[in-house]
There are 2 protein chains.
Amino acid sequence: MGRKRTKSGKIRLAEVAELAGVSPITASRFFRNPEALSVAKRTRVESAANELGYVPNLAARALASQRTEVIGVLIPSLTNNVFSDVLRGIYDASEGSRYSIQLSNTRYSILQEEKLLRLFLAQKPAGLIVTGIDQTAESRAMLEAADCPIVQIMEIGPNPVDMMIGFSHYDAARAAIAHLFAQGHRKIGFVGARMDPRVQRRLDGYVSAMKDAALFEQRLVVTTATPTSVTLGGTLFTDLLAREPDIDAVFCANDDLALGVLFECRRREIAVPEQIAIVGFNDLEFMASAVPTLTSVRTNRYEMGNTAATMLIEAIDGRRPEQPVLDLGFKVIERQSSSSRRSDDRPAASGAGAANKMIALPSGQD
Amino acid sequence: MGRKRTKSGKIRLAEVAELAGVSPITASRFFRNPEALSVAKRTRVESAANELGYVPNLAARALASQRTEVIGVLIPSLTNNVFSDVLRGIYDASEGSRYSIQLSNTRYSILQEEKLLRLFLAQKPAGLIVTGIDQTAESRAMLEAADCPIVQIMEIGPNPVDMMIGFSHYDAARAAIAHLFAQGHRKIGFVGARMDPRVQRRLDGYVSAMKDAALFEQRLVVTTATPTSVTLGGTLFTDLLAREPDIDAVFCANDDLALGVLFECRRREIAVPEQIAIVGFNDLEFMASAVPTLTSVRTNRYEMGNTAATMLIEAIDGRRPEQPVLDLGFKVIERQSSSSRRSDDRPAASGAGAANKMIALPSGQD
DNA sequence: GTCGTTGCTGGTAGCGCTGTCAACGTTCCT
DNA sequence: AGGAACGTTGACAGCGCTACCAGCAACGAC
């Protein structure tokens with residue numbers, strides 16, 4: 001006998017078509033391009049599909065159409081708060097669309113990234129989101145040869161592969177240092193961990209700002225390749241103090257480190273900001289709640305992920321954005337930890353960070 | 001002409017087979033069950049595949065074999081640190097296996113979970129990881145009808161659908177309260193946010209422990225459905241203090257809240273632990289670094305995700321675990337914030353949490 | 001009335017892989 | 001030596017869907 005009904009009783013497109021009294025191909029069209037159908041058939045297919053509870057077989061669709069409805073996402077860390085915000089933005093944007101997210105963790109290794117990219121590309125994804133601009137030459141070549149839209153996220157730079165959304169970490173760091181200068185600080189240390197390309201560019205921004213003011217000294221910089229943590233912030237700060245006991249401010253490459261520095265100051269009974277000012281990076285939620293509240297550079301992480309995925313889906317559907325490179329900028333959120341004129345009224349008992357003074361800057365101008 | 005080579009120049013299994021001098025089906029077997037091949041053919045196919053850079057077409061494989069190599073993961077949050085650790089464990093375990101992870105965010109909604117479950121199941125996943133034990137009746141029925149292995153994670157309870165891995169949040173909370181009792185605390189407040197089922201069970205554990213000691217009062221409990229944050233910890237603690245100014249300890253349903261409480265104490269110049277002790281939950285990294293270091297209940301999140309995925313893959317491959325329900329337990333990590341006999345030597349300047357006293361308990365005994 | 005043009009529909013032929021089963025050669029047993 | 005048992009291999013026929021192109025009706029232009 002032919003294939004009247006599959007053994008598992010699964011509803012196929014053919015069953016839907018039969019019930020609707022149309023050919024399978026017409027039923028197929030209903031799901032891909034309903035406008036191409038006459039209104040009569042459209043409603044017939046729709047009700048037939050609902051009645052039977054039809055669910056399309058994605059594997060068959062992918063095989064027949066030679067493309068998948070998968071968006072590949074390559075990020076360097078699953079643990080880092082920064083990426084969980086970006087991810088949430090991506091997932092939120094993908095919801096409701098017909099695309100699904102395939103996530104992979106490069107663990108900050110561009111070799112691993114290259115390997116994963118090769119895997120992804122082999123499955124002909126509908127689109128790709130990759131982190132940063134520091135791919136291997138091989139990865140770069142694969143990306144350029146890929147026949148799907150691609151968004152690079154987290155930072156902006158020259159020569160986008162396709163689309164790009166992020167901000168200038170260099171400018172953001174310079175803005176943070178400029179803020180510290182404005183508060184009268186001069187001997188400003190830098191504390192950084194992991195030292196991935198983006199942290200490196202924050203360091204570059206710090207160095208250039210310090211050099212501009214003729215204040216740079218290599219001894220002010222303490223970094224490590226170790227992954228970041230709050231505890232590490234304390235450790236690195238301890239190293240920094242041992243080298244340069246008379247610093248008057250610390251710029252931390254991220255907020256975890258900043259929190260660690262704050263705790264270490266407390267442990268050592270160093271007054272913040274009176275003796276040492278602290279500035280973090282990313283503006284995680286807790287920064288506004290710490291005592292003293294901690295200055296940080298706010299980055300639009302959720303928006304970055306969300307916009308990247310939205311742009312990508314638009315591009316996949318043939319509507320390329322007018323503006324392929326998007327600078328989401330940053331804001332220096334000035335709080336107590338770096339305020340020279342500390343408010344004389346005691347901090348309110350709750351509702352920390354009552355009135356954050358903001359220094360907003362689109363990257364590219366500082 | 002036949003199909004000598006596909007237009008895109010893609011390498012198909014047929015090409016590999018041709019180069020290796022075997023039939024396509026033999027080449028296919030090489031990738032699925034190499035042991036079934038003679039050593040000679042095995043090496044021939046292997047080198048042919050390498051030479052051509054063959055990458056299998058997953059869609060075709062899924063269509064022909066009627067099953068996918070996708071593991072569906074349903075978690076309630078992408079942002080919560082707790083889940084990022086679990087996720088990392090899952091992704092790490094999936095790497096190297098031939099299964100890929102398909103992640104979806106239920107946003108703490110069991111209705112959303114039901115919807116996503118329906119979507120997943122329609123694609124015949126190889127396995128499923130779901131969070132918790134509080135599915136809708138409909139979800140439960142779907143899970144039980146699913147013909148793939150399933151692991152419930154994050155907690156353990158009666159009637160597993162299939163496999164289960166987690167710990168007793170109820171027992172963990174009781175252990176935390178027992179610890180506070182042992183330190184001489186009596187008037188212990190509870191602060192909780194989001195109040196998802198697991199937080200609710202921590203509250204239940206707290207209530208039962210307090211009732212056992214005839215110390216329970218409803219006024220000691222402050223909760224909200226709002227998602228958790230450090231700032232919220234301060235707010236809820238403020239509410240608690242307003243109601244019960246003479247509490248001597250706070251048990252926080254998670255570490256973010258605990259940090260918020262700590263900051264609020266600092267703002268109010270309440271000495272921790274002398275005036276008020278603080279205990280958190282999950283033992284995130286920063287707890288050991290805070291000043292004072294913060295007591296917490298350590299949970300094995302990475303291990304939970306990692307073991308769940310490992311067990312699942314084993315089960316998919318036909319090797320069901322001898323023990324389908326796994327209790328990963330917890331440990332009360334006693335630190336300064338709840339220590340009645342505070343160490344008289346000043347805390348070391350760095351390396352916080354030098355010697356954490358641990359109270360380890362497999363859940364189920366307290 | 002005839003001829004294009006447009007809009008909608010259907011037939012045919014796979015997409016690349018694997019399940020099933022038959023067939024082959026080899027080894028081992030009696 | 002004969003036969004069973006095993007290990008290995010290949011032919012065939014789809015999996016459920018869609019690309020491609022042909023066909024057909026309806027309509028307007030001349």
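Please read these numbers as outputs of a predicted model, since none were measured by experiment. Throughout, protein chains are lettered first and strands after them, A, B, ... in sequence-line order, and every chain is numbered starting at 1.
Using modelled atom types, one finds a donor on one side chain and an acceptor on the other under 3.5 Å when comparing B:Y99 with B:D317. Side chains of B:T68 and B:Q123: no donor on one and acceptor on the other come within 3.5 Å.
Taking atom CZ of residue B:R32 and atom C1' of nucleotide C:dG19, one finds them 8 Å apart after rounding to whole Å. A straight line from CG of A:N33 to C1' of D:dC17 spans 16 Å, rounded to a whole angstrom. Here D:dC15 presents its P atom at 18 Å from CD of B:Q123, a figure rounded to the nearest Å. B:R44 places its CZ atom 15 Å from the P atom of D:dT8, with the value rounded to the nearest Å. Atom-to-atom, CZ of B:F30 to C1' of C:dC17 comes out at 16 Å; the value is rounded to the nearest Å. Protein atom CG of B:L13 is 14 Å distant from nucleotide atom C1' of D:dT9, rounded to whole Å. Protein atom NZ of A:K124 is 13 Å distant from nucleotide atom C1' of C:dC17, rounded to whole Å.
For A:D92, the side chain to side chain donor-acceptor pair (under 3.5 Å) partners at least two apart in sequence or on another chain are A:Y302, B:R107. The salt bridge (Lys or Arg N to Asp or Glu O under 4.0 Å) check on B:E322 picks up nothing, with sequence neighbours excluded. Looking at residues two or more places apart in sequence or on another chain, you find a salt bridge (Lys or Arg N to Asp or Glu O under 4.0 Å) between A:E69 and A:R61, A:R98. Listed by chain and residue number, A:E155, A:D196 satisfy the salt bridge (Lys or Arg N to Asp or Glu O under 4.0 Å) test with A:R198 (two or more places apart in sequence, or in another chain).
Residue order along DNA chain D, read from the 5' end via each residue's closest nucleotide, puts B:V39 first among B:V39 and B:L63.
Taking only side-chain nitrogens and oxygens, B:Q66 never comes nearer than 4.0 Å to OP1 or OP2 of D:dG14. Contact annotation: A:S28 side-chain N/O to D:dT18 OP1/OP2 distance is under 4.0 Å. Between B:R67 and C:dG19 there is a side-chain polar atom (N or O) within less than 4.0 angstrom of OP1 or OP2.
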(message) Can you build the contact string for nucleotides 6-13 of chain C? Use B for base contact, S for sugar-phosphate-only contact, and - for no protein heavy atom under 4.0 Å.
(response) --SBBB--
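Listed by residue number, there are no residues of residues 48-62 of chain B with a heavy-atom contact under 4.0 Å to DNA chain D.
A salt bridge does not link A:R140 to A:D134: none of the charged nitrogens lies less than 4.0 Å from a carboxylate oxygen.
Remark: side-chain polar atoms of B:E15 are not paired, donor with acceptor, to backbone N or O of B:A48 under 3.5 angstrom.
The aromatic rings of A:Y54 and A:F31 are tilted relative to each other, their planes meeting at an angle between 30° and 60°.
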